[in-house]
There are 2 protein chains.
Amino acid sequence: MPDSWATSGLDLHLEAAGPGLRRGLTDALREAVRTGRLAPGTRLPSSRGLAADLGIARNTVADAYADLVAEGWLTARQGSGTRVATRAAAPPSRRPAPGGPPARREPARPAHDLRPGTPDLASFPRAEWLRAARRALAAAPHHALGYGDPRGRAELRTALAGYLSRARGVRADPGHVLVCGGFSHGLKILGAVLRARGVRTVAVESYGLDVHRDLLAAAGLRTEPLPFDALGTDPAALRNADAVLLTPAHQFPMGVPLHPDRRAAVVDWARRTGGVVLEDDYDGEFRYDRQPVGALQGLGPDHVVYLGTASKSLAPGLRLAWAVLPPGLAEEATAAKGSTDTCGTLDQLTLAEFLTSGGYDRHVRAVRMRYRRRRDALVTAVAARAPEVRVTGIAAGLHAVLRLPPGTERSVVQAAAWQGLALNGLAFFRHPAARTDPLDALVIGYATPPDHAWSGALEALCAVLP
Amino acid sequence: MPDSWATSGLDLHLEAAGPGLRRGLTDALREAVRTGRLAPGTRLPSSRGLAADLGIARNTVADAYADLVAEGWLTARQGSGTRVATRAAAPPSRRPAPGGPPARREPARPAHDLRPGTPDLASFPRAEWLRAARRALAAAPHHALGYGDPRGRAELRTALAGYLSRARGVRADPGHVLVCGGFSHGLKILGAVLRARGVRTVAVESYGLDVHRDLLAAAGLRTEPLPFDALGTDPAALRNADAVLLTPAHQFPMGVPLHPDRRAAVVDWARRTGGVVLEDDYDGEFRYDRQPVGALQGLGPDHVVYLGTASKSLAPGLRLAWAVLPPGLAEEATAAKGSTDTCGTLDQLTLAEFLTSGGYDRHVRAVRMRYRRRRDALVTAVAARAPEVRVTGIAAGLHAVLRLPPGTERSVVQAAAWQGLALNGLAFFRHPAARTDPLDALVIGYATPPDHAWSGALEALCAVLP
């Protein structure tokens with residue numbers, strides 16, 4: 001306990017010496033384990049260290065430890081020291097707050113999960129990531145571990161600028177890159193910047209994520225849905241908006257790219273009116289039939305905020321995303337982010353190394369092949385098993401849209417839930433004020449299951465299709 | 001470029017075949033390097049991969065690469081592939097925004113830095129941290145890499161509850177621990193929670209950090225300084241406040257613990273009035289003369305929010321801190337944090353492993369010995385070289401207060417700046433509304449310099465003392 005065992009934390013009531021001392025120590029430790037104050041798995045200090053700290057003989061401590069090992073409260077293993085036994089887990093020592101909210105529980109995981117938004121987490125390149133972390137940490141100067149630049153580490157901003165330029169045609173100056181803790185964090189920052197500039201209305205797509213609309217609403221911004229037709233989102237109605245949030249490369253969730261004429265129209269609108277375009281390029285790395293369409297930002301770098309993320313290409317748990325800002329917005333966005341909301345340095349340095357060493361490209365190539373095979377299997381299975389259902393959208397990304405016979409979406413989603421298959425109908429993504437005719441469809445995240453669960457999930461899906 | 005080289009990013013204008021093809025490719029790549037679209041250090045795809053993607057002969061690509069290596073634009077090394085040469089760095093391709101703000105520059109680092117707030121970053125246990133990361137990642141289930149619990153990973157909350165219980169006497173249920181991206185992030189969350197509850201005034205100490213006062217002000221909270229006397233902060237004036245922010249174990253920056261009678265008075269006040277105590281335990285691990293005083297939270301777990309951080313014990317760059325919340329505040333604080341502000345999973349899992357394996361204790365023990373020696377050297381040097389200056393405060397933490405002869409603080413700080421020695425006078429930390437008589441003193445962060453720079457910094461300090 002010389003380091004971190006406050007006496008107050010253990011309620012040690014020790015006799016001066018003799019057998020009372022050993023018993024007192026044993027009782028105090030046992031009580032600490034019983035009540036959970038020493039958590040299961042905790043490693044205890046060495047008997048020598050604890051004895052020196054308490055000013056008692058080492059044998060007394062060793063005897064107390066031995067007693068508690070014998071009683072099953074502690075475990076002693078060669079090389080691992082003395083630890084609190086894991087089966088000694090006690091009920092929480094805190095009484096529940098009277099009338100307080102119930103304890104939060106992990107939601108039960110469904111048997112099969114085909115909801116979109118998460119890549120195959122089993123494919124995260126753990127070994128390569130750790131190797132990149134080792135190289136990055138070996139190369140980092142000491143001051144990199146201090147309080148950092150609110151924009152993010154220069155190494156990562158430079159690596160991202162290079163990567164986004166060659167991979168997505170983004171015109172990026174590292175000084176205008178802002179590293180964020182996920183796309184939502186970036187959207188929250190930009191919502192605050194737009195609101196402070198006097199923006200009141202942000203146009204959004206008729207179909208999209210409610211959490212994004214909620215973030216804009218929390219910033220005091222009204223969202224106004226743009227119509228959606230056979231050519232994708234129609235920007236003609238932009239005249240009523242001060243800003244627009246779009247998924248140009250691969251509309252989420254409808255799965256189509258923004259038509260070339262409409263890409264140009266959006267950039268023209270921004271140039272003409274000074275409007276701001278937020279480009280959500282969430283899965284731009286994943287196109288299976290041709291080169292990906294370059295980012296809209298390349299057409300209008302002074303008007304488009306490019307937003308990308310590691311959540312689809314690597315894993316959401318990294319909490320790393322990036323915004324490439326027009327020069328006129330960079331200072332405001334950096335100030336709005338502030339110094340409290342920075343991301344961990346080590347992951348930033350690791351991602352920078354992963355990008356510049358080619359590890360990121362190799363990983364994207366590997367999972368792209370895997371997702372492409374899954375999409376092909378989905379298309380084949382649906383054609384064979386449910387001829388009334390049509391897979392729409394381009395061969396890209398981590399999700400596909402399955403158009404259903406009119407009037408069947410709700411019952412299919414319900415039937416799936418009964419079978420333990422989690423999926424989202426298209427209605428889940430519809431803006432409440434959308435005027436586009438509702439379509440019946442499923443949005444299938446074919447990247448979500450790990451490999452071993454994929455064929456079972458596909459089978460479960462086919463079983464509930466009309 | 002099969003993976004991530006959008007054609008649009010390179011402006012490839014290629015002839016159908018023959019020498020024009022090779023020249024076109026060479027020109028396009030050279031231009032991309034020259035303008036910075038391919039960043040220095042970027043690894044190019046293999047000649048086979050690029051050739052397959054462009055549908056041209058591999059030799060054509062290999063020849064183009066060889067030309068550019070010969071010209072110095074690219075480098076080719078065994079095992080490292082073909083990369084953009086680092087000396088090929090181009091001026092940024094973006095024109096500066098007319099009338100826009102100047103580019104942000106890294107502030108120049110002073111020759112010696114004795115400002116408080118940062119531990120010795122050279123002592124960060126890089127190898128041990130990486131080993132813990134490897135073990136943590138090997139043990140993590142795949143779903144740990146997905147979107148997570150806004151409170152933070154359960155592994156870390158459990159490890160922190162155990163550690164804080166034994167080391168700091170904190171009564172912690174893992175369900176009421178909130179992992180934050182630094183103390184400031186936690187304070188921002190709690191400021192929002194208090195404001196939403198109708199709190200208008202938060203009592204603070206007469207001396208403290210302006211960034212903390214600013215965060216509370218940004219949440220719409222007025223800060224009211226408590227008097228400071230020989231017994232430390234006086235909580236008698238708490239009757240005017242709804243909440244209080246304190247550093248009970250080691251007042252920052254004055255360096256004294258809160259007197260036992262006053263500890264009790266604070267908790268009594270909170271019990272009586274329902275007031276909330278925010279306990280900033282920023283350096284509770286570092287006490288050199290005795291066992292650390294346990295956390296105030298242990299006396300009143302239903303009224304005290306305990307806030308700890310890895311910024312002093314490990315490194316600020318980790319952006320990891322934690323709040324232990326009273327049951328009545330836990331749900332509100334978790335909701336205020338929201339799902340956009342989560343911290344990276346890998347660092348959370350690594351810190352959990354570092355805590356439960358004993359690595360954290362070993363590191364704290366090692367740096368504690370080092371900081372203790374530095375503090376001793378400071379006390380000895382000041383006594384020998386500047387007998388009019390008195391080192392005050394307990395033997396603890398990462399900083400000491402040097403009381404100066406009245407009226408000399410400003411000139412000493414100014415003289416230090418001229419010598420390239422960065423330090424803070426006590427005035428820097430004074431609440432603008434503090435009614436306590438001003439004292440002349442320096443707040444010396446003796447942990448800040450790396451080992452090799454410490455004796456030089458101490459010498460520079462002694463040279464400017466009166």
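Numbered from 1 within each chain, the chains take letters A, B, ... in sequence-line order.
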### Message
At a 4.5 Å cut-off on heavy atoms, which part of L215(B) comes close to chain A: side chain, backbone, both, or neither?
### Response
side chain
#### Entry: Among G317(A), A315(A), P450(A), residue most engaged with chain B (heavy-atom pairs, under 4.5 Å)
G317(A)
### R131(B) side, atom CZ; R134(A) side, atom CZ - distance, nearest 0.5 Å
11.0 Å
### Message
Within this structure, what is the CG-NE2 distance for the pair L121(A) and H143(B), rounded to the nearest 0.5 Å?
### Response
9.5 Å
### Message
Would the distance check show the side chain of R126(B) and the main-chain N or O of L137(A) forming a donor-acceptor pair, the cut-off being under 3.5 Å?
### Response
yes
### Query
Atom OG in S123(A), atom CG in L145(B): separation rounded to 0.5 Å?
9.5 Å
### Query
Under a 4.5 Å heavy-atom cutoff, which of A122(B), P316(B), G358(B) has the most pairs with chain A?
P316(B)
### Task
Measure R83(B) against the heavy atoms of chain A and call it side chain, backbone, both or neither at under 4.5 Å.
side chain
### Query
Checking L320(A) against chain B: side chain, backbone, both or neither under 4.5 Å from a heavy atom?
neither
### Message
Working to the nearest 0.5 angstrom, can you tell me the gap between R43(B) CZ and S357(A) OG?
### Response
7.5 Å
#### Entry: Under the side-chain hydrogen bond (donor to acceptor under 3.5 Å, both in side chains) test, residues paired with D214(A) that sit two or more places apart
none
### Heavy-atom proximity to chain A below 4.5 Å, by part of A140(B)
both
### Summary
Correct closest heavy-atom pair for Y147(A) and G117(B) would be CE1-O, 3.6 Å
## Note on the structure
Output for pair (F124(B) CZ, T345(A) OG1), nearest 0.5 Å, gives 9.5 Å
### Query
When rounded to the nearest 0.5 angstrom, what is the spacing between CG in D347(B) and CG in L346(A)?
5.0 Å
### Query
chain A heavy atoms under 4.5 Å from P141(B): which part of the residue, side chain, backbone, both or neither?
backbone
### Message
Using a 4.5 angstrom heavy-atom cutoff, name the option from G146(A), P119(A), G344(A), G338(A) with the most pairs to chain B.
### Response
G146(A)
### Message
For the interface with chain B, which of G284(A), A144(A), S184(A), G186(A) has the highest count of heavy-atom pairs at distances below 4.5 Å?
### Response
S184(A)
